[in-house]
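Since the structure comes first, as structure tokens, the remarks are kept for the end.
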Amino acid sequence: MAERRATHTRQNTSNQIISQECSVQLSPEPLSATELASVNHQDLETGEPLRPRFKTTCDRFLRRGKKPVGVIQSIKKIYGCSWLNLLLLLTPVAWWAHFDENMADYHTAVFSLCFLTIIPHECLFDYCGEQMALYCGKDLGDLITITLNNAVEVTLAIILLLKCELKLLQSTITGVVLLHLLLVPGAAFLTGGARIWEQDLHPAHTQLNHTLLTVGVLALLLPASFYAAISGSTSSGVSANGELPDLGSSTQTDFLTMSRGLAVLLLLIYICSRIFYHNPPGAGNNSLTHSLTPAQLKAYEAKLQEEEPDVNQWVCIGALIVNIAVVAVTSEWLVDSIEPVRHVSNITEEWFGLVLIPFVSFSADGAVAAGYFLQKASRRVWYKTEAPEPPNTLAKAEAIDLSIQFVLLWMPFLTLLGWCTGKPFNLLFDFFEVALLLGACFLVNFVTADSKTNWAEGFILLSFYAMMVLCTWYYTGESDLSSLLLCPGQPATDT
């Protein structure tokens with residue numbers, strides 16, 4: 001890996017020159033003369049430094065001097081953004097199935113309807129995030145998009161917390177992080193790098209992500225190691241049948257206090273990282289002024305400056321609020337049907353949380369990608385006139401940012417929310433889950449260490465995710481840890 005990184009370091013200068021000369025041939029949408037000039041921050045006609053269209057972020061958000069988008073047009077665009085929105089028609093059906101007494105014994109049908117209903121809402125979050133990026137710029141727009149992409153998972157996690165399904169919540173958090181570390185970027189690297197030698201990542205952003213991801217996973221290793229130490233030191237000579245001793249309520253209190261302290265520190269780390277990312281030291285510095293920033297990222301910011309949004313910003317915010325409310329209610333019905341479905345299907349709680357529930361977030365993106373691929377393939381086969389699109393030189397690794405935000409922001413938030421609501425949620429995760437996170441963290445950091453990716457590395461990430469799914473199918477969890485996650489008066493259940 002060191003030789004590979006050194007090779008790319010020596011070739012940085014030549015690669016930057018070549019990328020600017022060949023950007024027209026390699027970008028997914030060939031850069032126009034205006035976009036090429038914007039990459040170099042120069043006016044096309046005069047050659048003078050390019051001035052931003054909006055003086056302030058507030059001007060950009062309010063689109064001062066621009067005609068606002070109509071309300072009716074915005075609503076049409078939002079609910080017509082994808083064919084998956086047809087599944088929105090299942091929302092009243094899913095709610096009816098939950099309340100209908102005749103459906104009381106058909107938990108699998110209720111679960112399936114709620115599952116399908118949530119998928120188009122994930123698609124709406126993606127589209128609204130893209131539209132808000134036009135009003136807020138790339139840096140703030142990326143943060144909004146990442147947060148909205150996590151909205152479905154966060155809503156499900158909050159419902160699980162309030163329902164006191166704390167062990168399932170831990171498994172779901174682990175599954176969400178693993179899915180966004182392995183499955184989503186692995187699929188993006190595999191498909192994006194199929195027709196190009198390698199794709200680029202932002203070097204400065206990638207280096208910071210390595211540290212953030214590592215510290216988030218190591219924060220989960222500390223309670224697990226602490227538990228292993230105290231349980232091992234107190235197990236000798238205590239139980240005649242070889243079982244670990246009951247560590248008592250004081251141990252649960254210790255882990256709760258420890259977890260809340262770790263949660264505060266993780267939140268501070270995330271806040272500091274966002275400040276550094278959005279406002280790095282030095283006058284006028286940002287993610288686009290870095291010397292190693294890929295040219296296509298600069299072209300993307302210029303495109304955001306020039307592109308007109310399809311949706312009114314206030315309509316978009318209103319639609320997001322309504323969307324979150326509908327997802328919250330539907331998620332509650334989904335959670336209510338999980339336990340009966342688990343007993344009927346004999347699926348372990350670990351596999352349910354690590355694989356099945358997180359897959360809700362990937363279903364929308366996967367369905368859209370599959371539909372897009374089939375559409376392009378059919379046009380090339382039947383009409384034989386459409387030329388293939390040029391390969392993209394910029395790797396799509398936004399899903400890794402989703403994992404980092406979930407570990408450093410939403411997991412600590414859920415810990416503190418449990419504190420406020422009297423739910424004993426702690427960061428003492430199952431040791432098998434911690435091992436999976438450590439392995440995924442190591443593999444992702446190794447793959448992206450040189451800020452380059454290719455299709456073979458994408459296949460490796462997908463293969464490791466498949467290994468995780470296979471092993472999790474046979475894993476039933478640690479019952480001793482589950483006893484530390486019981487709410488007052490809640491009976492212990494078998495996984």
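Atoms considered below: every heavy atom in the structure, side chains included; atoms not considered: hydrogens, waters and symmetry mates. Throughout, numbering of the chain's residues begins at 1 and tracks the sequence.
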Check: F359 ring centre within less than 6.0 Å of F115 ring centre: no
Any donor-acceptor N/O pair, N85 side chain to Y79 backbone, under 3.5 Å: yes
Close side-chain approach of N150 and L409, heavy atoms under 4.5 Å: no
ring-ring contact (aromatic ring centres under 6.0 Å, His included) assessment of F189 paired with F459: CA-CA 8 Å; F189 297 164; F459 182 76; over 10 Å; no
Atom pair CG/CE of L462 and M467 - distance to nearest 0.5 Å: 11.0 Å
Distance, nearest 0.5 Å, that separates CG of L436 from CG of L178: 6.0 Å
Side-chain donor-acceptor pair present, D430, S171, cut-off under 3.5 Å: no
Between CG on residue L88 and CD1 on residue I118, distance to nearest 0.5 Å: 12.0 Å
Derivation and outcome, side chain to side chain contact (heavy atoms under 4.5 Å, CB included), residues M258 and N426: CA-CA 8 Å; M258 185 189 311; N426 60 57; over 6 Å; no
Check: F352 ring centroid to F111 ring centroid under 6.0 Å: yes
Enclosure of Y475 OH (heavy-atom neighbours >12, cutoff 6.0 Å): yes
For residues 266-273, please give each side-chain donor-acceptor pair under 3.5 Å, one per line with the distance, not counting sequence neighbours.
unit_1 : atom_1 : unit_2 : atom_2 : d
Y270   : OH     : Q405   : NE2    : 3.2
S273   : OG     : I269   : O      : 3.4
S273   : OG     : Y270   : O      : 2.6

Salt bridge present between E350 and K167 (N-O < 4.0 angstrom): yes
N149 side chain vs T145 backbone, donor-acceptor pair below 3.5 Å: yes
Stepwise side chain to side chain contact (heavy atoms under 4.5 Å, CB included) check, L143 with R274: CA-CA 9 Å; L143 178 60; R274 298 313 303 186; 3.8 Å; yes
L87 side, atom CG; E122 side, atom CD - distance, nearest 0.5 Å: 13.0 Å
Any donor-acceptor pair under 3.5 Å from T330 side chain to V327 backbone: no
Ring geometry between W351 and W473 (parallel below 30°, tilted from 30 to 60°, perpendicular above 60°): perpendicular
4.5 Å side-chain heavy-atom contact, V444 and L461: yes
Between CG on residue L162 and CG on residue L169, distance to nearest 0.5 Å: 10.0 Å
From CA spacing to verdict: side chain to side chain contact (heavy atoms under 4.5 Å, CB included), D401, D142: CA-CA 9 Å; D401 294 323; D142 284 348; over 6 Å; no
Close side-chain approach of Y465 and V469, heavy atoms under 4.5 Å: yes
Side chain to side chain donor-acceptor pair (under 3.5 Å) involving E478 - partner list, sequence neighbours excluded: none
Partners passing side chain to side chain donor-acceptor pair (under 3.5 Å) against K423 (at least two apart in sequence or in another chain): none
T453 versus E198, side-chain donor and acceptor atoms under 3.5 Å: no
Distance in Å, T448 OG1 paired with Q207 CD, rounded so as to fall on 0.5 Å steps: 10.0 Å
Residues E339 and K163 bridged, charged N to O under 4.0 Å: no
Worked check of side chain to side chain contact (heavy atoms under 4.5 Å, CB included) between W410 and V176: CA-CA 11 Å; W410 296 118; V176 168; over 6 Å; no
Side-chain heavy-atom pair P412, L416 within 4.5 angstrom cut-off: no
